[in-house]
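Quick note on labels: first sequence line is chain A, next is B, and so on, each numbered from 1.
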2 protein chains.
Amino acid sequence: MKYQKIPEATIRRLSRYSRCLEVMEQAGEEVVSSAQLANRCMVNAAQVRKDLAYFGEFGIRGVGYYVKDLFNDIKKILGSNKEWRMAVIGIGNLGSALLSYKDFLKQNYKIVAAFDIDPPQVIGRVSEKLGKPVEVLHINRLKEVAKERRIEIGLITTPPSEAQAVADLLVEAEVRGILNFAPTQIVVPEGFVAKDVFFTTILDNLAYLLSNN
Amino acid sequence: MKYQKIPEATIRRLSRYSRCLEVMEQAGEEVVSSAQLANRCMVNAAQVRKDLAYFGEFGIRGVGYYVKDLFNDIKKILGSNKEWRMAVIGIGNLGSALLSYKDFLKQNYKIVAAFDIDPPQVIGRVSEKLGKPVEVLHINRLKEVAKERRIEIGLITTPPSEAQAVADLLVEAEVRGILNFAPTQIVVPEGFVAKDVFFTTILDNLAYLLSNN
DNA sequence: CAAATTTTGTGAAAGGAGTCACAAAATTGA
DNA sequence: TCAATTTTGTGACTCCTTTCACAAAATTTG
Ligand SMILES: NC(=O)c1ccc[n+]([C@@H]2O[C@H](COP(=O)([O-])OP(=O)(O)OC[C@H]3O[C@@H](n4cnc5c(N)ncnc54)[C@H](O)[C@@H]3O)[C@@H](O)[C@H]2O)c1
Ligand SMILES: NC(=O)c1ccc[n+]([C@@H]2O[C@H](COP(=O)([O-])OP(=O)(O)OC[C@H]3O[C@@H](n4cnc5c(N)ncnc54)[C@H](O)[C@@H]3O)[C@@H](O)[C@H]2O)c1
């Protein structure tokens, strides 16, 4: 398993394989071939094997892969075998939706804190829909609470004008991962990771495909 | 402008250029070089020129690009110069958030209908936050209303178990574009375009980067 | 007006990612 | 036990994307 640069596309596919394997495991399937898995994920069978080959040998020739083992191995590769502790910052429309997103629970992503800036109708409110309710705190407690609750990922759902400032706070609080939903490109120092999710870029993409087909 | 297959990455970047140019235009900047634009969008200058070259010649040698013209040209390329009429299906947490997403208005994406399945607390409710309020209708009116309101894109925010069925309804209603937020892979016939947005795949990606840096 | 400067557009080179094809390993069955 | 079968892991090949590098075009300056 010597080091090599792993294509980002490979990581995205591993995530898909993982979701497929989860379904298969629940369905009681024990063994799967690269061809079957590829089929389900709409990719090439060699692609599946290549993707896995970056990280080692997981299959048995003539047999395939043990669903349960491969599922665990991929989770280990992705780092999704551990529980990730997250905070949501900006509890408006989207932030509230994320707070009650059930799939985060099923997967290993857990929202353990929520922050907003002052609006009295929000601060102190408790999101009850999740397993454990989360109280919305004032943003000025971010640093303190981030340490206390060992927050590792921050989800930014503030207006775009505030997004970079919030990111800076997260960096200061040593929250190393940021997922930003505001339509602004977030910049973070070396050692931190920020990903932007641009809804309108996705729509622009769709619009292009619709216009040209 | 002879035909060539356009890389999807190019389309994504064009969308980014477009957003940058919008900001520049508002800031009153008149001319921009490929190097400047590249810098802002964190890409290579030759990349900017190559991306544009797929669609024609838009610059003036020795000068650069006229911000306003390039902005318009890119919008024309992307098909985002026209207004796109959208429906949201599944008015729960995420669906409601999308209904009040202001940037859709600023961009040229307009939500003109909302559908849910029966829960009395939702049907008939009106989202007031947008420019024009949108009444939530029962899903069984989808086909009829889609025609009437000339809906071109459907945003699926139902539980994953319902997502494919809803997609089938959209296809039947001849809504050609689908953006699916449920964690299921949507399949549509030739001539339709469906994109899935998997939140946990994005998080898996982040988790991987955090685990390996 | 011509030389110097700027910056585009693009062919060629380099670099990555995906697919093919087959030897190697494991299993099955006679 | 050994041939037939299955399916992995991987080198080689193809295809696609990005970057480089420079001629061509426009502008500016002396
Ligand atoms: N609504 C959507 O469906 C949607 C979709 C995609 C992206 N987005 C983006 O997500 C962000 C939030 O959208 P929204 O519709 O939920 O907006 P919103 O106005 O409903 O919510 C924003 C929240 O952020 C809080 N806030 C503002 N400044 C803050 C700060 N410095 N620190 C902490 N909290 C702060 C506000 O009090 C508010 O509660 C926006 O950037 C938007 O562009 C929204
Ligand atoms: N909440 C989030 O932040 C979030 C984030 C990413 C993805 N998602 C996904 O988006 C989807 C919606 O999430 P949510 O949290 O809003 O769930 P939700 O349960 O709050 O909302 C789902 C809505 O869909 C409606 N519905 C169910 N079946 C329907 C049908 N056949 N036709 C029309 N409407 C129907 C329900 O009545 C409900 O109002 C889920 O698939 C979820 O996995 C949610």
Where the side chain of A/T157 meets the backbone of A/G90, is there a donor-acceptor pair that is under 3.5 Å apart?
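Yes.
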Please confirm whether the shortest side-chain N or O distance from B/R13 to OP1 or OP2 of D/dT17 is below 4.0 Å.
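No.
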For C/dA17, does either OP1 or OP2 sit under 4.0 Å from a side-chain N or O belonging to A/Y54?
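No, A/Y54 has no side-chain N/O under 4.0 Å of OP1/OP2 on C/dA17.
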Looking only at the side chains, is there a donor atom on one of [X] and [Y] sitting less than 3.5 Å from an acceptor on the other?
X: B/D51; Y: B/T10; result: yes
X: A/N72; Y: A/Y66; result: no
X: B/D73; Y: B/Y65; result: no

When the nearest nucleotide of DNA chain C is assigned to A/A9 and to B/L52 on a heavy-atom basis, which residue is associated with the more 5' position?
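Nearest nucleotide further toward 5': that of B/L52.
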For nucleotides 25-30 of chain C, list the nitrogen or oxygen atoms of the protein found under 3.5 Å from its nitrogen or oxygen atoms, one pair per line.
from   : atom 1 : to    : atom 2 : distance (Å)
C/dA26 : O4'    : A/R61 : O      : 3.3

In whole angstroms, how far is the [atom2] atom of [N] from the [atom1] atom of [X]?
X: A/E8; N: D/dT18; atom1: CD; atom2: P; value: 13 Å
X: A/N44; N: D/dT14; atom1: CG; atom2: C1'; value: 13 Å
X: B/E57; N: D/dA26; atom1: CD; atom2: C1'; value: 13 Å
X: A/R49; N: C/dC20; atom1: CZ; atom2: P; value: 11 Å
X: B/I6; N: D/dT18; atom1: CD1; atom2: P; value: 12 Å
X: A/Q47; N: C/dA21; atom1: CD; atom2: P; value: 16 Å
X: B/I11; N: D/dC16; atom1: CD1; atom2: C1'; value: 15 Å
X: A/D51; N: C/dG16; atom1: CG; atom2: P; value: 17 Å

Go through the steps to decide whether A/F199 and B/F181 satisfy the test ring pair (Phe, Tyr, Trp, His ring centres under 6.0 Å), and finish with yes or no.
CA-CA 11 Å; A/F199 275 48; B/F181 290 92; 5.6 Å; yes
Please list, by residue number, the residues of residues 29-41 of chain A whose heavy atoms come closer than 4.0 Å to an atom of DNA chain D; answer none if no residue qualifies.
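A/S33, A/S34, in order of number.
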Can you establish whether the number of heavy atoms outside A/K82 located under 6.0 Å from its atom NZ is more than 12?
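Yes, the 6.0 Å shell around NZ holds more than 12 heavy atoms from other groups.
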Verdict with reasoning, B/I89 to B/T158, per side chain to side chain contact (heavy atoms under 4.5 Å, CB included):
CA-CA 7 Å; B/I89 299 100; B/T158 63; 4.0 Å; yes
Roughly how far, to the nearest 0.5 Å, is CD of B/E152 from NZ of B/K110?
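So the NZ of B/K110 and the CD of B/E152 are separated by 12.0 Å.
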Who pairs with B/A165 by side chain to side chain contact (heavy atoms under 4.5 Å, CB included), at least two apart in sequence or on another chain?
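In terms of side chain to side chain contact (heavy atoms under 4.5 Å, CB included), with neighbours along the sequence ignored, B/A165 is linked to no residue.
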Side chain B/K50 and base C/dT10 donor-acceptor under 3.5 Å
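Counting by modelled atom types and ignoring angles, no donor-acceptor contact under 3.5 Å is found here.
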Test for a donor-acceptor pair under 3.5 Å between the base of C/dG15 and the side chain of A/K5, counting only N and O atoms.
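Looking at the base of C/dG15, it does not pair with any donor or acceptor on the side chain of A/K5 (distance under 3.5 Å).
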